[in-house]
2 protein chains.
Amino acid sequence: MSERRADTIADTLEEMIFTGAFNDGDRLDETRLAAQFNVSRTPIREALGRLVASGLAEQIPRRGVFIRQPGPVELLEMFETMAEIEGVCGRLAARRISEPALADLDAANALCTAAIEAGDTDAYYRENERFHHRIYREAGNAFLEQEALRLHRRLKPFRRMQLRVRGRMAQSMAEHEAIVAALREGAPERAAQALRAHVAVQGEKFHRLLSGLRRAAE
Amino acid sequence: MSERRADTIADTLEEMIFTGAFNDGDRLDETRLAAQFNVSRTPIREALGRLVASGLAEQIPRRGVFIRQPGPVELLEMFETMAEIEGVCGRLAARRISEPALADLDAANALCTAAIEAGDTDAYYRENERFHHRIYREAGNAFLEQEALRLHRRLKPFRRMQLRVRGRMAQSMAEHEAIVAALREGAPERAAQALRAHVAVQGEKFHRLLSGLRRAAE
DNA sequence: ATTGAAAATCTTGTATACAAAATTCTTGAC
DNA sequence: GTCAAGAATTTTGTATACAAGATTTTCAAT
């Protein structure tokens with residue numbers, strides 16, 4: 001890996017931000033964090049630099065770096081962007097996907113369904129992620145894949161919010177099946193459309209997302 | 001702006017990378033750069049961190065950071081991704097664009113055409129950029145807009161290569177007109193299609209790009 | 001001459017020291 | 001009591017010092 005301290009610290013801080021250990025606007029005090037991590041300010045600064053670069057925090061020149069949690073508007077924008085990028089991946093994948101990959105998507109869906117029946121939420125998230133990541137991969141564009149993974153990762157902490165709606169998981173699985181069907185038939189636009197609709201935040205999901213945000217803001 | 005030295009140094013280094021002052025694989029020696037910029041290693045390290053974060057360089061743990069110029073494959077992937085993102089912006093913009101924005105696009109096109117006739121390449125690039133940036137804006141999604149701008153900026157140094165083809169500028173303008181027409185009619189898919197085709201690298205452009213790369217590699 | 005090991009050198013990563021800027025606190029005037 | 005100006009204190013940004021790991025060089029043995 002990279003420079004030992006600085007990077008593990010950055011990972012830890014990211015995790016803390018994702019799990020809500022900080023509130024929007026909180027200042028990340030270098031000296032305090034240095035003491036907290038039993039380390040000098042130098043690796044802390046490098047870690048903070050990484051957070052700023054990935055948009056999790058904001059740096060004001062001679063003032064410090066502050067946590068920057070996305071508000072409702074930005075969150076919707078990020079989800080819309082994710083939906084569009086997934087749509088793009090789907091459109092490209094419909095033309096490029098291989099037979100083993102289709103089998104793999106089917107397998108992921110089967111495991112997803114099993115996880116729902118078993119009530120195993122962790123397994124569900126894991127297989128759901130595998131499904132989506134596989135589609136990014138099958139777009140056949142490593143750069144696009146990286147971008148998709150980046151955004152997917154960024155949205156991870158917010159994705160759980162929107163899956164709590166009753167029956168959402170079952171509906172989600174039906175959508176997965178439709179997506180695979182479109183990919184299998186090599187229907188680019190239908191695949192794109194199905195993925196966009198699957199990822200987009202709308203209706204009940206929207207309300208859930210907002211109330212989740214409101215709760216997190218307290 | 002941000003921390004004075006570190007950020008101006010990062011900007012300078014980015015510019016140097018873009019203008020080809022470094023070759024792929026070159027090591028960015030901290031002490032050498034420190035001497036060169038008349039500064040200590042600390043701001044250099046922060047600047048290098050920024051380069052690594054934006055993908056312009058690669059960091060190998062206890063070895064240093066190295067310039068990482070995209071090869072032909074990655075470049076094509078980046079252009080394909082750009083084409084798709086522009087397509088997305090166009091699709092969204094077709095539903096959201098305002099009348100003044102359409103007028104602005106027309107204005108940019110007029111100035112573009114004038115620049116071609118005057119042989120003013122700089123003006124052409126400027127107005128062409130204004131055209132595209134305006135479409136990103138009119139997608140009505142600030143997050144997506146930032147992503148589009150980021151990638152557009154990243155590809156800037158390579159874009160000039162592909163515009164040298166004889167008659168390409170005139171054809172490009174015709175495509176711009178078609179794009180505006182689709183946006184004006186509120187035809188999302190046609191706008192998306194037109195933008196994808198406009199940005200995509202294909203045929204003669206492809207050869208130009210490759211030979212440009214080959215030349216740059218010497 | 002080639003190969004291998006050990007020492008010397010170089011380079012990164014971290015800690016500490018210093019400087020400049022910003023914020024906070026104090027003090028005085030109204 | 002409020003407000004403002006200036007001093008004191010924090011805090012960031014930069015420089016330097018030190019430590020650990022990596023690379024290169026040296027030198028001997030085969």
Side-chain angles (χ1 to χ4, degrees), chain A residues 1-18 20-70 150, chain B residues 1-18 20-70 150:
Chain A
M1 274 287 173
S2 200
E3 345 143 20
R4 216 169 52 262
R5 321 271 190 197
D7 246 328
T8 54
I9 291 171
D11 288 343
T12 308
L13 287 177
E14 275 189 23
E15 196 57 31
M16 289 172 74
I17 294 172
F18 283 167
F22 297 106
N23 292 82
D24 187 50
D26 278 3
R27 191 167 72 89
L28 293 170
D29 189 302
E30 294 182 2
T31 42
R32 198 173 53 76
L33 289 171
Q36 201 167 317
F37 282 95
N38 252 9
V39 90
S40 91
R41 274 177 53 220
T42 312
I44 298 289
R45 292 190 111 252
E46 305 220 356
L48 293 185
R50 251 193 46 182
L51 295 190
V52 170
S54 58
L56 268 52
E58 191 180 7
Q59 181 171 44
I60 304 177
R62 296 244 171 205
R63 298 284 306 277
V65 351
F66 301 84
I67 291 293
R68 194 180 150 295
Q69 296 283 18
R150 202 169 52 86
Chain B
M1 274 290 168
S2 200
E3 344 142 22
R4 216 170 52 263
R5 320 270 190 199
D7 246 329
T8 54
I9 291 171
D11 288 344
T12 308
L13 287 177
E14 274 189 23
E15 195 58 30
M16 289 172 75
I17 294 172
F18 284 167
F22 297 106
N23 292 81
D24 187 51
D26 279 3
R27 191 167 72 88
L28 293 170
D29 189 302
E30 293 182 3
T31 42
R32 198 174 52 76
L33 288 171
Q36 201 167 318
F37 282 95
N38 253 8
V39 90
S40 92
R41 273 176 54 219
T42 312
I44 298 289
R45 293 190 111 252
E46 305 220 357
L48 293 185
R50 253 193 45 182
L51 296 191
V52 170
S54 58
L56 268 53
E58 189 180 7
Q59 182 173 43
I60 304 177
R62 295 244 173 207
R63 299 282 305 275
V65 351
F66 302 84
I67 290 295
R68 196 182 148 293
Q69 296 283 18
R150 201 169 52 85

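Below, all heavy atoms of this structure are taken into account, side chains as well, without hydrogens, waters or symmetry copies. Throughout, a chain's letter reflects where its sequence line sits, starting with A, and its residues are numbered from 1. Everything quoted here is computed from the prediction, not taken from an experiment.
Checked against salt bridge (charged side-chain N to carboxylate O under 4.0 Å, His left out), A:Arg150 has the following partners two or more places apart in sequence or in another chain: A:Glu147, B:Glu147. Qualifying salt bridge (charged side-chain N to carboxylate O under 4.0 Å, His left out) partners for A:Asp24, counting only residues two or more places apart in sequence or in other chains: none.
Between A:Ile44 and the choices A:Leu13, A:Val39, A:Thr31, the side-chain contact (heavy atoms from CB on, under 4.5 Å) rule is met once, by A:Val39. Among B:Leu56, B:Asp26, B:Ile17, the one residue that satisfies the side-chain contact (heavy atoms from CB on, under 4.5 Å) test with B:Gln69 is B:Ile17.
Nearest heavy-atom pair, A:Arg32 versus A:Arg27, reported as atom, atom and distance to 0.1 Å: NH2-O, 4.1 Å.
A sub-4.0 Å separation between OP1 or OP2 of D:dG13 and a side-chain N or O of A:Arg45 is present. Residue A:Arg27 places at least one side-chain N or O closer than 4.0 Å to OP1 or OP2 of D:dT12. Taking only side-chain nitrogens and oxygens, A:Gln59 comes nearer than 4.0 Å to OP1 or OP2 of D:dG13. Between A:Thr42 and the phosphate of C:dT14, there is no side-chain N or O to OP1/OP2 separation shorter than 4.0 Å.
Sequence order on DNA chain C of the closest nucleotides to B:Glu30 and A:Asn38 puts B:Glu30 first from the 5' end.
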Table of protein N/O atoms under 3.5 Å from nucleotides 22-24 of chain D N/O atoms:
unit_1, atom_1, unit_2, atom_2, d
D:dT23, OP1, B:Arg63, NE, 3.0
D:dT23, OP1, B:Arg63, NH1, 2.8

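Remark: P of D:dT11 and CD1 of A:Ile60 are 16 Å apart, rounded to the nearest angstrom. To the nearest angstrom, P of D:dT12 lies 16 Å from CD of A:Glu46. Rounded to an integer number of Å, the gap from CG of B:Leu48 to P of C:dT11 is 14 Å. In this structure, CD1 of A:Ile44 is placed 15 Å from C1' of D:dT11, rounded to the nearest angstrom. If you measure from atom CZ of B:Phe37 to atom C1' of D:dA15, you get 17 Å, rounded to the nearest angstrom. Counting to the nearest Å, the P atom of D:dT12 and the CZ atom of B:Arg5 are 19 Å from each other. Nucleotide D:dT12 holds its C1' atom 12 Å from the CZ atom of B:Arg4, rounded to whole Å.
Atom CZ of A:Arg63 sits about 11.0 Å away from atom CD of A:Glu58, to the nearest 0.5 Å.
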Quiz prompt | CA sep, side-chain torsions, deciding dist, call: B:Glu46, A:Arg45, salt bridge (Lys or Arg N to Asp or Glu O under 4.0 Å) | solution = CA-CA 9 Å; B:Glu46 305 220 357; A:Arg45 292 190 111 252; 2.5 Å; yes
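Of all nucleotides listed (C:dT11, C:dT14, D:dA15), C:dT11 comes nearest to the side chain of B:Asp29.
The base of C:dG13 lies close enough to the side chain of B:Arg41 for a donor and an acceptor atom to sit less than 3.5 Å apart.
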